[in-house]
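Note that the coordinates shown come from a computational prediction; the quantities given were computed from them, not determined experimentally.
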Amino acid sequence: MLSVLKNNYCRMLQRLPAVLIMTVITLVSIILAIYITGTQQVKGHIVYVSQTSPTTVSSKYLSVVTMTKEPPYSSLVKQQYDAFVIDNGNGRYDIKTLKSEDYKKMIEGLLKNPNVPVKLQNTDRGVGENIIGFMMMFLLMSTFMNLFTFADDKEQNQLARIASSPIRFSGYLAAHCIYCLSMFLPEYLMLVIMKLLGFDIGFSLLQYALLYAVIGFFGISLALLLHTLIKKPDNANMLGNSILVLSSVLAGSFYSFSKGNAVLDNVVKVLPQKQLLDFAHYLQNGDAFAHIAPLLYIIVFSAALFAVSCVILTRKYVKKI
C-alpha cells in the first residue's frame, strides 16, 4: 500500500500544474466565503438624521448614511433604506422603520452599543456553512482529478497485474483513498492559518476535519464508481464533473436555489450535497447531535457507491486471477 501511495505522488508531479490550479481555486473560494459572510452580516442600511452632531454609529452590522434632513417615507417603502434614525439629542433617538418590532429593538441596541454581537437567525448562513458550501464543489471535482492514477491503471489494463501481485486489492484501493484525502491538506492548512491569525472560520478545526472526510469519501466513491463503469477516464471525468456541478448548485452550495418550489425541493432533498449543507447548518446552530440523520445519509450513500464499485472490480479482476 505504501508503494502504491508513493507511486501516486510521483505520478501526480506530472500533472502538478492542474493540481495547483484546482488547489488555488479552492483556496480562493474559502476567502470568498469569508468575505461574503462579512457582507451578509450587515443587518441594515439606515439613515442617521442629525442637524448638529455627526453620527457616532460605527457598527459592522449597519451601513449608515448621514443626512441633515429626513428622506421621504417612500425610501422605506422602496426598500432603499431599512430605517431612519432621528437624533433628538442627549442619546435619544426616534426610529422609523417598516420592519418588525424586534428589528427596531436591534437597531436601538446597536445605537447604544455598536459592538454588541447580533445573533444569527436560524435561517442565516454563517461563515462555516458558507465555507463548506463554496469549496464543496471544488473539493468533489478534485477527487475525480486525483483519482487519475486508478483510472489510468484501469485503462492501461494494469489492474489485472496489480490484482495478481502480492499486494492486497483492498490495500491498493485504500492507498488511492488516502492519496485523495491527503490532497485536501492545503485547504485544511489554510483554515488552520486563518484561525491562528484571528479570522472567524465558523467551525472548529476538528469539525472541519470531519466535514472534509465526509466530502472526500463521497467524492471518492462517486469517482471510483464512474471510473469502474466507464472505460475512458476522460468520459468518466466529464460526466462526473457535470453531475457534481449541477447537483452542487441545485443543493445550494452558493445560494438557495429552490425559492420555495415544492417539486424542486423534493428533488434537491435527496442530493448528498444538500444533506451535508443541512448538517453544516445544524452544526452552526449547535443542534448537530439532535440532527445527525443528514450526516448518516451521506455516509451510507457514499458507502453504497463504494461497495458497488468494489464488488464490480472484485468480480472483474480479482476472481479472474
Show the nearest heavy-atom pair for residues [X] and [Y], with the distance to one decimal.
{"X": "Pro186", "Y": "Thr23", "answer": "CB-CG2, 3.8 Å"}
{"X": "Pro71", "Y": "Val49", "answer": "CD-CG2, 4.3 Å"}
{"X": "His176", "Y": "Leu147", "answer": "CB-CD1, 4.1 Å"}
{"X": "Leu5", "Y": "Ala175", "answer": "CD1-O, 3.4 Å"}
{"X": "Ile312", "Y": "Thr228", "answer": "CG2-CG2, 3.5 Å"}
{"X": "Thr26", "Y": "Leu139", "answer": "CG2-CD2, 3.8 Å"}

Could you check whether any side-chain heavy atom of [X] comes within less than 4.5 Å of a side-chain heavy atom of [Y], counting everything from C-beta outward?
{"X": "Leu295", "Y": "Leu210", "answer": "yes"}
{"X": "Val245", "Y": "Met141", "answer": "yes"}
{"X": "Val192", "Y": "Tyr208", "answer": "no"}
{"X": "Leu98", "Y": "Tyr73", "answer": "yes"}
{"X": "Lys96", "Y": "Glu70", "answer": "yes"}
{"X": "Leu211", "Y": "Leu276", "answer": "yes"}
{"X": "Phe203", "Y": "Ile132", "answer": "yes"}
{"X": "Leu181", "Y": "Ile220", "answer": "yes"}

- prompt: Would Tyr172 and Phe169 count as a close aromatic pair, with their ring centres under 6.0 Å?
  reply: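 Yes, the ring of Tyr172 comes within the 6.0 Å limit of the ring of Phe169, centre to centre.
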- request: Before giving the answer on side-chain contact (heavy atoms from CB on, under 4.5 Å), spell out for Leu244 and Phe144 the whole-Å C-alpha distance, their side-chain angles and the decisive distance to 0.1 Å.
  value: CA-CA 10 Å; Leu244 289 176; Phe144 272 86; 3.5 Å; yes
Would you say that more than 12 heavy atoms from the other residues, nucleotides or ligands in this model lie under 6.0 Å from the [atom1] of [X], or not?
{"X": "Arg168", "atom1": "CZ", "result": "no"}
{"X": "Met67", "atom1": "CE", "result": "yes"}
{"X": "Tyr188", "atom1": "OH", "result": "yes"}

task: Tell me, with the steps shown, if Met136 and Leu277 meet side-chain contact (heavy atoms from CB on, under 4.5 Å).
output: CA-CA 9 Å; Met136 178 170 60; Leu277 287 173; 4.0 Å; yes
- request: Drop me the distance from Lys274's NZ to Ser253's OG, to the nearest 0.5 angstrom.
  value: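 Lys274 NZ to Ser253 OG: 10.0 Å, rounded to 0.5 Å.
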- prompt: At what distance, to the nearest 0.5 angstrom, does CD1 of Ile95 lie from CZ of Phe84?
  reply: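 That separation rounds to 13.0 Å.
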Is there a path from [X] to [Y] through hydrophobic residues (I, L, V, M, F, W, Y) whose side chains come within less than 4.5 Å of each other?
{"X": "Tyr9", "Y": "Leu185", "result": "no"}
{"X": "Met183", "Y": "Leu20", "result": "yes"}
{"X": "Leu206", "Y": "Phe217", "result": "no"}
{"X": "Tyr35", "Y": "Met137", "result": "yes"}
{"X": "Ile193", "Y": "Leu27", "result": "yes"}

Mutual orientation of the aromatic rings belonging to Phe301 and Tyr297 [parallel < 30°, tilted 30-60°, perpendicular > 60°]: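 Ring orientation of Phe301 relative to Tyr297: parallel.
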query: Mind checking whether Phe184 and Tyr212 have parallel, tilted or perpendicular rings, split at 30° and 60°?
result: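 Perpendicular, since the angle between the ring planes exceeds 60°.
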message: One pair to check against side-chain contact (heavy atoms from CB on, under 4.5 Å): Met194 and Ile30. What are the steps and the verdict?
response: CA-CA 10 Å; Met194 296 188 76; Ile30 296 175; 4.3 Å; yes
- prompt: Side chain of Gln275, backbone of Lys269: donor and acceptor closer than 3.5 Å?
  reply: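 Looks like yes, one N/O pair under 3.5 Å.
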query: Are the charged groups of Glu155 and Lys231 less than 4.0 angstrom apart, N to O?
result: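 Result for this pair is no, no salt bridge flagged.
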- request: Identify which one of Ile299, Ile298, Val300, Ile215 satisfies the side chain to side chain contact (heavy atoms under 4.5 Å, CB included) criterion when paired with Pro272.
  value: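 Among the candidates, only Ile298 passes.
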message: His227 and side-chain hydrogen bond (donor to acceptor under 3.5 Å, both in side chains): which single residue from Asp152, Asn237, Asp153, Asn235 fits?
response: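 That would be Asn237.
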- prompt: Who passes ring-ring contact (aromatic ring centres under 6.0 Å, His included) against Phe148, sequence neighbours left out?
  reply: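 Partners of Phe148 under the ring-ring contact (aromatic ring centres under 6.0 Å, His included) test: none.
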- request: Please report the C-alpha distance between Leu173 and Phe150 in whole Å, then the side-chain angles of each, then the deciding distance to 0.1 Å, and finally whether the side-chain contact (heavy atoms from CB on, under 4.5 Å) criterion is met.
  value: CA-CA 8 Å; Leu173 292 179; Phe150 168 82; 4.2 Å; yes
